[in-house]
Amino acid sequence: MSTEKQEKNLSHVRNIGISAHIDSGKTTLSERILFYTGRIHKIEEVKGKSGVGATMDHMDLEREKGITIQSAATFCQWGDYWINLIDTPGHVDFTVEVERSLRVLDGAILVLCSVAGVQSQSITVDRQMRRYRVPRIAFVNKMDRAGANPYRVCEQLREKLNHNAWMAQMPIGAEDRFQGVVDLLTMKAFYFDGSHGENMREEDIPAEMIEEAKVRRNDLIGALADFDDHLAEKFLADEYVSAKEAAVAMRKAVISLKFTPVFVGSAFKNKGVQLLLNAVSAYLPAPNEIENEALDQSKNEERVPLKCDPTSPLVMLAFKLDETRYGQLTFMRIYQGTVKKGDMVLNMSSEKRVKIPRIVRLHADEMEDIDESSAGDIIAVFGVDCASGDTFTDGTVPLTMASMYVPNPVISLAVAPKDKSGQTNFSKALNKFTKEDPTFRVSRDEESGETIISGMGELHLEIYVERMKREFSCETIVGKPQVNFRETLTQKTEINYTHKKQSGGAGQFARIIGFMEPLADAGDKIYEFSDETVGGSIPRQFIPACEKGFVEQLKTGLLIGAQVVGTKIVVNDGLHHPVDSNEMAFKTCAMTGFREAYASGKPVILEPIMKVGIEGPEEFQGTMMGLINQRRGVIIGTTGNGGYCQIESEVPLTEMFGFSTDLRSATQGKGEFSMEFLKYAAVPRNVQEDMVAKYKAKRAAENK
């Protein structure tokens, strides 16, 4: 194949994603794109009566819940253009799926609801697009809904997201009178006939809309003039700018990340999707028009530009893993070079060579085997053991790709298999899920012995618990994790204890004198032990036994049995017996002496305090602040930004369970939050009394 032909083919490739706030119609739009490109021959709805579900929602759980959980990849052809398409989730709990998709895409469609406009997850998705410098076009969907107003949505794009957004189309009617679309470049009206809108009809613009269309076209050309000198000259001279000239300028503006054209339609009503596909082909970049960089490991990770050239040394990135019944399926984006079935490639992370036994193109959960693939393509391979974010090369270049951003989990649950027989499947499931999803973490709480799963939200973890049941036949018991409380002293307390034990023969004798006090600037320090004895009151060989006894007792405080932290222990005197003193005697003396002195140190219970950031529309500010106050939270500050407010607060971790659900209920699904550990702090006196009483009752019940 000649280089010229390769370049021509590559210029007709589009790697795009569809991203938006939850319930904006992304999956419905994907379904229409697949139908109009001939990839499927029957349209299924997200929550269709057939129960089949949309093509891209291929998991049973996705079809039942009517939401996208995993990003799904497919490919299709629109005219001469080859489109690799990824449909991503909108729910904040599955944000990593959006993150890893945008990491490898060249362009995106930002879908917005014509009524709700720019929502919280729209802001998150836009932030992700900026992080990876992804050019985007906007599609105002659901023009058939009551209250549809694309012009207001365009204003929100400017105000809330700081986009240079301009209408590229006008709707003909709105709500139940939405009939078609006016293209402002060609100044033609388009209608969509047939049972599925498959027959696109071009007409003149309705007479009553011509004047407004001329004004809006002039505004659009004026905005595009900033990106093209030839266009600017014509615009200033009041000369007519052709559709072709405007399209060239618009493409340049979109790829520069400084312009967002706004298109309108209704995917559900089959209107406007074909024109959106034309816009994807015309305005979003080909793989060879995007600058991608790798890190040169031989030059202290110096940034090196990659050539989107099939003849260059191979560089490809594993961006998503999926465990299937055929083994691990690894999604790859090829940045340069060519990979063939049977090739040996080098994993730059593990420095191991692996063979590529099978290459497939994906269509949701269906696969098409291919023999080779080259720069600019998105594929999947079987039989390659790796982690998400690993770079593969042909071994001739020391290059790696920068890894993607992975947010920290914000919520945890304790899980255990219902039956002991399910332990093996339970472990298999956790291994699979942690490999698939970098935001799903598994840990073991050494204090409570529980298995803790952590993720981005309650729905996120609920989905994984359900998948354990369905995919691994493993029923689980789910509960709150046991929050790791701590105990500490608040004042100095004296230790003076004598341990005597006489039971015929050699007895036990030890006396320890000293004190305990709060450790200044303890930080994460559990204890500090100091030996200040003089004159051999306690022989040197018994000092380590004293420390062991204190350390042993620090593990279990006397208020609620939690670990005691931030304590300084000083031994400054004592007594021993030449026959009856031994290590065990001093260890036991230290433990009992600690217990006797503990109450005099006015101990308190410490709880983990989380730094909680909440974001939502200003109309819900009072409600969101109320939710924080109800949870013993302290509001640190609030800021407003374009109709949205951010609230910074500090809230005890114990009060944060169920918060995700309560926040979404209170804000009509528009509020979201992030949470990270901040510090340990003393619980209020009334809470401590309640906790101590419960602990005593539990111990009494156990001792019966």
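The chain is numbered in sequence order, starting from 1.
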Legend entry - Stepwise side chain to side chain contact (heavy atoms under 4.5 Å, CB included) test for Ile628 and Val651: CA-CA 7 Å; Ile628 292 294; Val651 190; 3.9 Å; yes

Inset, instruction - Could you please spell out the steps behind the side chain to side chain contact (heavy atoms under 4.5 Å, CB included) verdict for Ile334 and Ser374? - result: CA-CA 6 Å; Ile334 307 173; Ser374 56; 5.7 Å; no

Legend entry - side chain to side chain contact (heavy atoms under 4.5 Å, CB included) assessment of Ile16 paired with Leu284: CA-CA 8 Å; Ile16 65 162; Leu284 288 179; 3.7 Å; yes

Legend entry - Derivation of the side chain to side chain contact (heavy atoms under 4.5 Å, CB included) call for Val360 and Ile379: CA-CA 6 Å; Val360 296; Ile379 55 163; over 6 Å; no

Inset, instruction - Given salt bridge (charged side-chain N to carboxylate O under 4.0 Å, His left out), test Lys679 with Glu650 step by step and report yes or no. - result: CA-CA 10 Å; Lys679 63 183 179 182; Glu650 296 176 6; 3.5 Å; yes

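Under a cut-off of 6.0 angstrom, the local environment of CZ in Arg133 is sparse, with at most 12 non-hydrogen atoms contributed by other residues, nucleotides or ligands.
What you find for Glu487 and Gly557 is that their closest heavy atoms are OE1-CA, 3.3 Å. Closest heavy-atom contact between Tyr335 and Ala375: O-CB, 3.8 Å. Across Glu475 and Lys469, no two heavy atoms sit closer than the pair OE2-CE, 3.5 Å. Nearest heavy-atom pair, Tyr527 versus Leu554, reported as atom, atom and distance to 0.1 Å: CB-CD1, 3.5 Å. Contact between Thr667 and Gly671 at its shortest, heavy atoms only, is OG1-N, 2.8 Å. Met468 and Ala429 make their closest contact through CG-CB, 3.6 Å (heavy atoms, listed as atom of the first residue, atom of the second, distance).
Checking Thr556 against Gln563 by side-chain atom types alone, no donor-acceptor pair falls below 3.5 Å. For the residue pair Arg32/Thr28, the side-chain donor-acceptor check at 3.5 Å is not satisfied. Checked by atom type, the side-chain pair Asp394/Thr396 shows a donor-acceptor distance below 3.5 Å.
In this structure, the side chain of Arg353 does not engage the main chain of Asn347 through any donor-acceptor pair within 3.5 Å. The backbone N or O of Gln423 sits less than 3.5 Å from a side-chain atom of Ser427, completing a donor-acceptor pair. Looking only at distances, a side-chain donor or acceptor of Thr488 sits under 3.5 Å from a matching main-chain atom of Val565. Although no hydrogens or angles enter the test, the distance criterion places no donor-acceptor pair under 3.5 Å between the side chain of Glu293 and the main chain of Leu306. Checking side-chain atoms of Asn84 against main-chain N and O of Arg14 turns up no donor-acceptor pair under 3.5 Å. Looking at Arg631, its side chain does come within 3.5 Å of a backbone N or O of Glu655 through a donor-acceptor pair.
In this structure Asp385 satisfies the side-chain contact (heavy atoms from CB on, under 4.5 Å) test together with Gln328, Lys435, sequence neighbours excluded.
Using a cutoff of 4.0 Å between basic side-chain nitrogens and carboxylate oxygens, Arg361 and Asp369 are not scored as salt-bridged. With respect to Asp106 and Arg333, a salt bridge is recorded, a charged nitrogen being found less than 4.0 Å from a carboxylate O. With respect to Arg486 and Glu607, no salt bridge is recorded, no charged nitrogen being found less than 4.0 Å from a carboxylate O. By the 4.0 Å N-to-carboxylate-O rule, Asp126 lies close enough to Arg136 to be salt-bridged with it. A salt bridge does not link Asp371 to Arg358: none of the charged side-chain nitrogens sits closer than 4.0 Å to a carboxylate oxygen. Here Glu466 pairs with Arg470 in a salt bridge; the nearest charged N to carboxylate O distance falls below 4.0 Å. Ion pair Lys432/Glu471 flagged as a salt bridge, since at least one NZ, NE, NH1 or NH2 atom sits closer than 4.0 Å to an Asp/Glu carboxylate oxygen.
Interatomic distance, CD1 of Ile614 versus CZ of Phe659, reported as 3.5 Å (0.5 Å rounding). Within the model, atoms CZ of Phe75 and CH2 of Trp82 stand 5.0 Å from one another, a figure rounded to the nearest 0.5 Å.
Within the 6.0 Å centre-distance limit, the rings of Tyr464 and Phe440 are counted as a close aromatic pair.
Exactly one residue among Val280, Ile378, Ile33 makes a side-chain contact (heavy atoms from CB on, under 4.5 Å) with Leu85. That residue is Ile33.
Applying the salt bridge (charged side-chain N to carboxylate O under 4.0 Å, His left out) rule to pairs touching residues 334-349 yields nothing, sequence neighbours excluded.
Contact annotation: the side chain of Leu399 never approaches that of Thr391 to less than 4.5 Å [non-hydrogen atoms, C-beta and beyond].
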